[in-house]
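Letters A, B, ... are given to chains in the order of the sequence lines, protein chains preceding strands, and every chain is numbered from 1. Below, all heavy atoms of this structure are taken into account, side chains as well, without hydrogens, waters or symmetry copies.
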There are 2 protein chains.
Amino acid sequence: MRKSFFKWRCMENKYPLDGASVKILKALQQDARLSVQDLSGRIGLSSTPTWKRVKEMEKAGVIDHYTAVLNRARVGLKNCVLAEVNLARHVENVVEEFEKAVQEHDAIIECYATTGQADYMLKVVTPDIGEYDAFLHNVIFKLPGVSEIRSSVVLREIKPPSPLPLDHL
Amino acid sequence: MRKSFFKWRCMENKYPLDGASVKILKALQQDARLSVQDLSGRIGLSSTPTWKRVKEMEKAGVIDHYTAVLNRARVGLKNCVLAEVNLARHVENVVEEFEKAVQEHDAIIECYATTGQADYMLKVVTPDIGEYDAFLHNVIFKLPGVSEIRSSVVLREIKPPSPLPLDHL
DNA sequence: GCTGAAACCGATAGGAA
DNA sequence: TTCCTATCGGTTTCAGC
């Protein structure tokens, strides 16, 4: 098993994480508001070293930020669509313009450039499907380089965005 | 514009959110560790009502939980794949078994049932593409009802998972 | 429902093991 | 490094508006 390799220092990573730090990360992914005391209790360290580790991982960018996860339905965003987008390769500056537009529109909450059929995969949230239709026509279709869009409406959330698995460390 | 409808009470939502509460939610999405004092300063309320609103929104499930967002690369998860999965409709209990397996495997960090070509869309993270290949063969292909998989490897993250837009409220 | 003050508890920083 | 302790600041509660 490769696990032992990674136990105290993971060479493949940008940042060395030992068992205690991994436990901290797992706990903070589940509840970012845990007090240092609670954290230290769980991982079997006292609070000062626990606190130092958290601060170091924040500074090193292992912990990027902390966020409140909202219930989409309760804030009136019942509609979620996964959209595959293709760009017309012959148009000038398509990539730059498309990626800039993606950043500017808050309804697009995720976007990846991918291999496979599509050039990009987007996650778009709106109050209802009507608003998505409007967004498609007023925003996406208006972008110069967009040649194809395939929209997949989310029918059911089987697994919501979940903590990153850290057992490989 | 429909905006005025929603200003003080959004009929379509499960929970009524006024301007101050929306500001709180926006701030907490950006930084879940903001102190009540900082929050209250930003929104122009004193700390007691700010605190009460936060607690109420937690209890009402508007705020689902708080999480630490980690840097994928720095915790050794350089590979991310979006996988479309189709199930064979004739096999018994496929849906239940597939969705149960999705919950059990930590490498699958998101899963949606969607309209369109695929039955499901999955997001899978692994240390490298080799581990993804192993995961496909050892886990996904072994599930009885899975008939098709189309994997799109993420080449570049244009927009990481971002705060929900709340301007419609 | 908001304000302000007061009590309590946790976070941060220093020094010792 | 970690632990202990003191200080400081934030959270939470309560009385009054």
Side-chain angles (χ1 to χ4, degrees), chain A residues 4-11 13-70 74-75 166 169, chain B residues 4-11 13-70 74-75 166 169:
Chain A
S4 54
F5 268 122
F6 294 103
K7 199 166 183 185
W8 288 100
R9 193 165 263 266
C10 183
M11 313 276 284
N13 297 345
K14 293 282 182 303
Y15 193 83
L17 295 167
D18 65 13
S21 293
V22 169
K23 281 185 191 170
I24 291 173
L25 292 177
K26 283 185 183 177
L28 287 178
Q29 282 193 105
Q30 289 187 254
D31 183 1
R33 303 207 94 169
L34 276 176
S35 71
V36 174
Q37 302 204 323
D38 281 343
L39 262 180
S40 62
R42 290 185 188 208
I43 66 173
L45 243 55
S46 76
S47 57
T48 308
T50 305
W51 176 78
K52 276 192 172 180
R53 280 158 186 266
V54 172
K55 291 298 154 197
E56 271 162 28
M57 290 191 289
E58 286 172 2
K59 198 150 56 174
V62 175
I63 299 173
D64 191 78
H65 65 284
Y66 300 92
T67 187
V69 178
L70 309 186
R74 294 224 229 280
V75 295
L166 300 175
L169 294 171
Chain B
S4 53
F5 268 122
F6 294 103
K7 201 166 182 186
W8 288 99
R9 192 164 265 265
C10 183
M11 313 277 283
N13 298 346
K14 293 283 183 302
Y15 194 81
L17 294 167
D18 65 13
S21 293
V22 169
K23 281 185 191 170
I24 291 173
L25 292 178
K26 283 185 182 177
L28 287 178
Q29 283 194 106
Q30 289 187 254
D31 184 1
R33 304 208 93 167
L34 277 176
S35 71
V36 174
Q37 300 203 327
D38 281 343
L39 263 179
S40 61
R42 289 186 190 207
I43 66 172
L45 242 57
S46 73
S47 57
T48 307
T50 305
W51 178 80
K52 276 192 173 182
R53 279 156 186 268
V54 172
K55 290 298 155 196
E56 270 163 28
M57 290 190 288
E58 287 173 0
K59 198 150 56 173
V62 175
I63 298 172
D64 191 78
H65 65 284
Y66 301 93
T67 188
V69 178
L70 309 186
R74 296 226 165 85
V75 295
L166 300 175
L169 293 172

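- Salt-bridge formation is detected for the pair B:K55/B:E58: a Lys NZ or Arg NE/NH1/NH2 atom is positioned less than 4.0 Å from an Asp or Glu carboxylate oxygen.
- Using a 4.0 Å heavy-atom cutoff across all strands shown, B:R53 reaches sugar-phosphate atoms only and no base atom.
- Side chain of A:S35, nearest nucleotide from C:dT3, C:dG10, D:dC3: C:dG10.
- Between B:W51 and the phosphate of D:dT12, there is a side-chain N or O to OP1/OP2 separation shorter than 4.0 Å.
- The shortest distance between side-chain heavy atoms of A:D18 and A:R53 falls below 4.5 Å.
- Across all strands, B:T48 comes closer than 4.0 Å to base atoms (heavy-atom distances).
- Contact annotation: the side chain of B:L28 approaches that of B:L39 to within less than 4.5 Å [non-hydrogen atoms, C-beta and beyond].
- In this structure, the side chains of A:L70 and B:D64 stay at 4.5 Å or more apart for every pair of heavy atoms.
- In this structure, B:I43 atom CD1 and C:dT3 atom P are separated by 10 Å, rounded to whole Å.
- For a distance-only test at 3.5 Å, the side chain of A:S47 fails to qualify as a donor-acceptor partner of the base of C:dA11.
- Rounded to whole angstrom, the span from the CG atom of B:L34 across to the C1' atom of D:dG9 amounts to 16 Å.
- If you check every strand for non-hydrogen atoms under 4.0 Å, A:Q37 touches sugar and phosphate atoms only.
- Annotation: of the two residues near DNA chain D, B:R33 and A:S46, the 5′-most nearest-nucleotide partner is A:S46.
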